[in-house]
Novice: 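Following this message is one structure expressed as structure tokens.
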There are 2 protein chains.
Amino acid sequence: MEMTVNIKLNNKLFLRNPDESELGKKILQYSIILIHRIGFEAFTFKKLAAEIGTTEAGVYRYFENKHRLLLYLVDWYWSWQEYRLIYATNNISDPTEKLSIAIKLLSTSVEDDTSTSYIDEKLLFEIVIMEGAKSYLTRHVTEDNKHRLFKPYKDLCARIADIILECNPTYKYPRSLASSAIEMAHSHNFYVKHLPSLTDFNSLNTTHNVPDFIEDMVFSVIRIP
Amino acid sequence: MEMTVNIKLNNKLFLRNPDESELGKKILQYSIILIHRIGFEAFTFKKLAAEIGTTEAGVYRYFENKHRLLLYLVDWYWSWQEYRLIYATNNISDPTEKLSIAIKLLSTSVEDDTSTSYIDEKLLFEIVIMEGAKSYLTRHVTEDNKHRLFKPYKDLCARIADIILECNPTYKYPRSLASSAIEMAHSHNFYVKHLPSLTDFNSLNTTHNVPDFIEDMVFSVIRIP
DNA sequence: TACAAATGATAGCAATACTATCGTAAATAA
DNA sequence: TTATTTACGATAGTATTGCTATCATTTGTA
């Protein structure tokens, strides 16, 4: 059986829906490749257009600016992670096991998922680690938030907060803990790679790793040994 | 008795030391005000120059570019926080109390500290929350790191990691926990203000707050009730 | 009094972040 | 079939950004 996952995103993210045309899909595909290669700061619509053989104006027909494109990619990523979490925890009743799965899914690098042809999930994972925070660290967070542009991230946080409450209904800070765990899953992957002295891991010694640390943290906090 | 704290920073951060001249101090003072007002993205040396009545080229004589200036401010901030931590924990022997003080210092907004005339610590605190991550989320992290430009941050992390180890010498992830706590101190202040659904606090209900959550987290993890 | 250092003033330039217009090809409706 | 929308390519243009360079003037130091 062949099947594809189609992730629908808030239509305020784009001017023309990129997943409904060949050019649109190419914009998504090559923006991931190019941002991954040169970084979001150096990334421009002109360079992207040259990469895929269209013009700058052509890209502007799909996205207002590169920040909106980043938001699209980040939202896609969080929606995809939520889908993976639902899929991976299906039929599992033990909430601690669900939590453990969630932590592993979020903090472990992935292989390119073949279910979507034009999105390279491995590259996207690395982009979200490196550039993800820039999607909300702006002057217009509040406005973007009103337009529900952070909904996928919040939905995932809420889902994990629910699992935390299932584990321990008396824990006082489920949402804060959920968002912290998700952020740590990314930030510590960044630290391991770029600022290893901020962690207790190194790429050689694999006895300790990021998901182990986060699991230890989360389960300690909600008092599950 | 009057005294001033003078923070010396890595001289690779600047071309000409800004704290050794009137113009340099004005650059620091007004860059904080301007970045706080319009955000780091919209901030330019031209606008800064106009603000303080000098020219664009004048600012470039002190800092290579605006990213280096941000790094200067962020490094200044972390050095200042480490100084505050040393000062506030002086003569305290109980490591759990030291840890508690550290968490409060890092996660609670400050009033403008009068010990430095040209740096507004309250504004700087808010800048580091909003823009701090951009100091290391770049293509040149590795190079900047080689030049020791993140040393103040790492020093503070190491100091807190040491306190964590004093509390519990068997805890496996002291550095990861320290860097996480510091980051959470900032990120959750950001969430409370801009994305409150990611937290369990709100500005009205002050029964729960950011330092309480982080304390609960840290002490749970190192198994101190 | 001489000299170097710091600053001010101005110019210029390539790249960025757009916006606008126009022609054409392909898909769709009448 | 023809008419018409739509999507795209091509080109042009503009304000701003992110610098670098030059030269004159002021200011502090020897």
Side-chain angles (χ1 to χ4, degrees), chain A residues 11-31 34-35 37-73 118 131 134-135 137-140 143-144, chain B residues 11-31 34-35 37-73 118 131 134-135 137-140 143-144:
Chain A
N11 59 22
K12 289 216 177 68
L13 286 166
F14 47 77
L15 301 171
R16 208 200 302 298
N17 197 334
D19 74 4
E20 284 174 1
S21 75
E22 283 312 307
L23 181 60
K25 287 175 195 169
K26 268 194 159 185
I27 288 173
L28 297 178
Q29 180 181 2
Y30 283 90
S31 65
L34 198 54
I35 292 173
R37 187 157 72 222
I38 66 177
F40 185 66
E41 264 66 46
F43 170 82
T44 68
F45 279 2
K46 196 169 196 169
K47 290 174 188 169
L48 174 62
E51 196 80 13
I52 60 186
T54 182
T55 61
E56 210 182 349
V59 183
Y60 274 106
R61 287 191 186 105
Y62 281 84
F63 290 99
E64 245 182 275
N65 53 53
K66 69 175 184 171
H67 182 262
R68 280 292 160 100
L69 172 54
L70 178 65
L71 256 174
Y72 185 99
L73 296 177
Y118 53 95
E131 324 282 3
K134 295 168 192 167
S135 66
L137 293 178
T138 69
R139 284 285 118 172
H140 45 271
E143 219 192 309
D144 287 353
Chain B
N11 59 21
K12 290 216 177 66
L13 285 167
F14 46 77
L15 300 171
R16 207 199 303 299
N17 196 335
D19 73 3
E20 284 173 1
S21 75
E22 284 312 307
L23 180 60
K25 287 174 195 167
K26 268 194 160 185
I27 288 172
L28 296 179
Q29 181 180 1
Y30 284 90
S31 65
L34 198 53
I35 291 173
R37 187 157 71 222
I38 66 177
F40 185 66
E41 265 64 48
F43 171 82
T44 69
F45 278 2
K46 196 169 196 168
K47 290 174 189 168
L48 174 61
E51 196 81 13
I52 61 186
T54 183
T55 60
E56 209 182 351
V59 183
Y60 275 105
R61 288 193 185 104
Y62 282 84
F63 291 99
E64 247 182 273
N65 52 54
K66 70 174 184 172
H67 182 263
R68 281 291 160 102
L69 172 54
L70 179 65
L71 256 175
Y72 185 98
L73 296 177
Y118 54 95
E131 324 281 3
K134 295 168 191 167
S135 66
L137 294 178
T138 68
R139 284 284 119 173
H140 45 271
E143 218 192 311
D144 287 353

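Proteins come first, then strands; the chains are lettered A, B, ... in the order of their sequence lines, and each starts at number 1. Note that this is a predicted model, so its numbers are computed, not measured.
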Novice: Nearest-Å distance, NZ (B:K46) to P (C:dA11)?
Specialist: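 It is 12 Å, rounded to the nearest whole Å.
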Novice: Restricting to salt bridge (charged side-chain N to carboxylate O under 4.0 Å, His left out), what partner residues turn up for B:D144, sequence neighbours left out?
Specialist: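 Applying salt bridge (charged side-chain N to carboxylate O under 4.0 Å, His left out) to B:D144 gives B:R68.
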Novice: Atom CG of B:N17 and atom C1' of C:dA6: how far apart are they, to the nearest Å?
Specialist: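 So the CG-C1' distance, B:N17 to C:dA6, works out to 14 Å.
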Novice: Is a donor from one side chain sitting under 3.5 angstrom from an acceptor on the other, for B:S31 and B:Y72?
Specialist: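 Looking only at side-chain atoms, B:Y72 and B:S31 do not form any donor-acceptor pair under 3.5 Å.
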Novice: According to the salt bridge (charged side-chain N to carboxylate O under 4.0 Å, His left out) rule, which pairs have a member within residues 45-60 of chain B, sequence neighbours left out?
Specialist: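 Salt bridge (charged side-chain N to carboxylate O under 4.0 Å, His left out) check on residues 45-60 of chain B returns B:R37-B:E51.
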Novice: Quick one: B:F14 CZ to C:dA6 C1', roughly how many Å, whole number?
Specialist: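 After rounding, the reported distance stands at 16 Å.
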Novice: Of all residues at least two apart in sequence or in a different chain, which pass the side-chain hydrogen bond (donor to acceptor under 3.5 Å, both in side chains) check with B:Y30?
Specialist: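 B:Y30 satisfies side-chain hydrogen bond (donor to acceptor under 3.5 Å, both in side chains) with no other residue.
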Novice: Considering only D:dG9, D:dG18, C:dC18, which nucleotide approaches the side chain of A:T55 most closely?
Specialist: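 Selected nucleotide (nearest to the side chain): D:dG9.
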Novice: Write down the distance between CD (A:E41) and C1' (C:dT16), rounded to a whole number of angstrom.
Specialist: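 Computing the A:E41:CD to C:dT16:C1' distance gives 13 Å.
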Novice: Roughly how far, to the nearest 0.5 Å, is CD1 of A:I27 from CG of A:D19?
Specialist: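 Nearest 0.5 Å value for the CG-CD1 distance: 12.0 Å.
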Novice: Less than 4.5 Å apart, any side-chain heavy atom of A:T54 and any of A:L48?
Specialist: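 No, their side chains stay 4.5 Å or more apart.
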Novice: Start at the 5' end of DNA chain C and walk down; is the nucleotide closest to A:F45 or to B:R16 reached first?
Specialist: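 Checking each residue's closest nucleotide, the 5'-ward one belongs to B:R16.
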Novice: State, yes or no, whether a side-chain contact exists between A:N17 and A:N11 at a heavy-atom distance under 4.5 Å.
Specialist: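 Of all side-chain heavy-atom pairs linking A:N11 with A:N17, none is under 4.5 Å.
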Novice: Among D:dT17, D:dG18, C:dT16, which nucleotide sits nearest the side chain of B:E56?
Specialist: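 In terms of side-chain proximity for B:E56, the closest of D:dT17, D:dG18, C:dT16 is D:dG18.
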Novice: Contacts to DNA chain C from residues 61-73 of chain B, heavy-atom cutoff under 4.0 Å, which residues?
Specialist: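 Going residue by residue through residues 61-73 of chain B, the ones with a heavy atom under 4.0 Å of DNA chain C turn out to be B:R61, B:Y62.
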Novice: Would a 4.5 Å heavy-atom cut-off, applied to side chains only, mark A:L15 and A:E64 as touching?
Specialist: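 In contact.
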Novice: Could you tell me how far apart B:L15 (CG) and C:dT7 (P) are, to the nearest whole angstrom?
Specialist: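 Rounded to the whole Å, the gap is 13 Å.
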Novice: Do any pairs count as a ring pair (Phe, Tyr, Trp, His ring centres under 6.0 Å) and have a residue in residues 38-59 of chain B, sequence neighbours left out, and if so which ones?
Specialist: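 Residue pairs passing ring pair (Phe, Tyr, Trp, His ring centres under 6.0 Å), neighbours aside: B:F45-B:Y60.
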Novice: Heavy atoms within less than 4.0 Å of DNA chain D: which residues of residues 20-27 of chain B have one? Give them sorted by number.
Specialist: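 Heavy-atom contacts with DNA chain D come from no residue of residues 20-27 of chain B; none.
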Novice: Using a 4.0 Å heavy-atom cut-off across all strands, classify B:Y60 as base, sugar-phosphate, or nothing.
Specialist: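 Counting heavy atoms under 4.0 Å across all strands, the contact made by B:Y60 includes a base.
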Novice: Hey, does the side chain of B:K47 come within less than 4.0 Å of D:dT16's phosphate (OP1/OP2), counting only N and O?
Specialist: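 No.
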Novice: Between C:dT16, C:dA9, D:dC19, which one does the side chain of B:A57 approach most closely?
Specialist: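 Looking only at side-chain atoms, B:A57 lies closest to C:dA9.
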